[in-house]
Amino acid sequence: MNVYSLGWNDYFAKTFEPYKDQGFKAARVTAQFNHTYVLYQSGEYITAEVSGRFQYQANFRKDYPVVGDWVVIKGSEGSEQVIIHAVLTRQTYLARKMKITGGRRLMDGVIGGGSTEEQVLAANIDIVFIVVALDNDFNLQRIERYLTITYNSGATPIIILNKADLCPNLNDYIAQVESVAIGVPIHTTSIFDSSAIDIIKQYLTNNRTVIFVGSSGVGKSSIINILFAEELQITKNISKSTGKGRHTTTNRQLFVHPAGGIIIDTPGIRELQLWCDEDAVEETFEDIKDLALNCKFNDCQHDTEPGCAIKQAIEDGVLTRERFESYLKQLKELERLKLRQRGASKVGKPYRMDKLKMEKIILNSRK
Ligand SMILES: Nc1nc2c(ncn2[C@@H]2O[C@H](COP(=O)(O)OP(=O)(O)O)[C@@H](O)[C@H]2O)c(=O)[nH]1
Ligand SMILES: [Mg+2]
Ligand SMILES: [Zn+2]
């Protein structure tokens, strides 16, 4: 195993090259508490802070280390303190839009003006386990949103339908999820059924980094606890020390699994606002994109044009109206995002539909 082990690969080795001969070392971020980062390096956990120069050069929040990042460190002269000098370029990262700051609150919760930034939730992940509980939490639109941010991250999505023990009609739910998560592996699990957990374990090979996302209470921490075979008390202890509720995960945390996988737990994401490229939306709604190929006109807006394959598909029950609306809603959200983006890391392609047109389609499809 490489000295840096877990998750380290040729890509990071290459980006680390310039630092190598200057006495720097690389370490992986496992947790963050305000300005202090907990790092994993050569089998040890150490704490560190970013250098003054780092802070000076960081323009946006996304420039700071997050859980899963590989950082460049050095012990500072004459003290025990370890200093983070740089973040190695992320291979993949999961992000969402932060709350809009500034601007004016208009009617119906709409905010005029203001700006927003990208919030990086975790970096250098291979698999995103989207955990959904088969209870009141179940919501197809939310799954579609998680899929979009996952596709945008560059990681592979896997859907976990947990609390299967509470669900009498599993196959109905699986069919529903299949219809919105095309080609995505779907597994049902229950913390009372160890064979289901074994399925997840299969993904934890080859030093892969996996992250569990999903609403609070769906069972992410419970599944992770079971994956470690023994009750992992870390989460609960941290919750206690910060005074927050016992079963809540207050910080994203990275755990190293003995089987060679790296697991990141996350707290529930209440608002999952998109920060992504249109391509990611297209990937989530691949079926709609395929259907549109059969529209009579190349530039069909799926509105009043004759020979529209989308409208036909909705009529025939091949595509649900909800899914089409969900697609338009995500595109519209990106359109609004473009107006307020600060520090956008990727330049979005021109959108297929202009804003007014989309609003019109939504109105029409509600009739
Ligand atoms: N019935 C049932 N309850 C579960 C299951 N998984 C988790 N829970 C319960 O759901 C609650 C929330 O679990 P937790 O792991 O903290 O959710 P998290 O917020 O996603 O990390 C706890 O009381 C768990 O015992 C399951 O498969 N079946
Ligand atoms: Mg949790
Ligand atoms: Zn059309």
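Whatever order the structure lists ligands and atoms in, that order sets their numbers, starting from 1. Count residues from 1 along the sequence.
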Work out the angle at the Zn ion (ligand 3) between SG of C295 and SG of C300, rounded to 10°.
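That angle works out to 110° after rounding to 10°.
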
About how large, to 10 degrees, is the angle ND1 of H302, then the Zn ion (ligand 3), then SG of C308?
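So the angle at the metal works out to 110°.
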
Quick check on the 6.0 Å ring-centre criterion: do Y327 and H302 meet it?
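No, the ring centres sit 6.0 Å or more apart.
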
Check whether the ring centres of F54 and Y64 lie less than 6.0 Å apart, and answer yes or no.
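Between F54 and Y64, the centre distance is under 6.0 Å.
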
Just which atoms of ligand 1 are under 4.0 Å from any heavy atom in [X]?
{"X": "G217", "value": "10 (O), 12 (C), 17 (O), 18 (P), 19 (O), 20 (O)"}
{"X": "S215", "value": "20 (O)"}
{"X": "S222", "value": "7 (C), 13 (O), 14 (P), 15 (O), 24 (C)"}
{"X": "S190", "value": "27 (O)"}
{"X": "S216", "value": "19 (O)"}

Could you tell me whether E44 atom CD has more than 12 heavy atoms of other residues or ligands within 6.0 Å of it?
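No, CD of E44 has 12 or fewer neighbouring heavy atoms, counting only those of other groups under 6.0 Å.
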
Would you indicate whether D316, at its atom CG, is surrounded by more than 12 heavy atoms from other residues, nucleotides or ligands within a distance under 6.0 Å?
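Yes, because the 6.0 Å sphere around CG of D316 holds more than 12 heavy atoms from other groups.
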
What part of [X], side chain from CB on, backbone N/CA/C/O, both or neither, has a heavy atom under 4.0 Å from ligand 1?
{"X": "D165", "value": "side chain"}
{"X": "L166", "value": "side chain"}
{"X": "F192", "value": "side chain"}

Would you call E333-R145 a salt bridge at under 4.0 Å N-O?
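A salt bridge is present here (some side-chain N lies under 4.0 Å from a carboxylate O).
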
Presence of N, O or S from S216 under 2.8 Å of the Mg ion (ligand 2)
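Looking at S216, which is the residue asked about, there is no N, O or S atom under 2.8 Å from the Mg ion (ligand 2).
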
Output a table of donor-acceptor pairs, distance under 3.5 Å, between side-chain atoms of residues 168-177 and any protein atom two or more places apart or on a different chain; print 'none' if there are none.
| unit_1 | atom_1 | unit_2 | atom_2 | d |
| --- | --- | --- | --- | --- |
| N169 | ND2 | D172 | OD2 | 3.1 |

Hey, what do you get for CD1 (I264) to CZ (F255), rounding to the nearest 0.5 Å?
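I264 CD1 to F255 CZ: 10.0 Å, rounded to 0.5 Å.
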
Test side-chain contact (heavy atoms from CB on, under 4.5 Å) on Y37 and V71 and set out the steps.
CA-CA 10 Å; Y37 296 90; V71 291; over 6 Å; no

Within the structure, does D265 bring an N/O atom to less than 3.5 angstrom of an N/O atom in ligand 1?
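No, no N or O pair falls under 3.5 Å.
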
Evaluate K220 for polar contact with ligand 1, using N/O atom pairs at a separation under 3.5 Å.
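In this structure, K220 places an N or O atom under 3.5 Å from an N or O of ligand 1.
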
Non-neighbouring partners of D287 that pass salt bridge (Lys or Arg N to Asp or Glu O under 4.0 Å), sequence neighbours left out
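Salt bridge (Lys or Arg N to Asp or Glu O under 4.0 Å) list for D287, sorted by chain: R323.
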
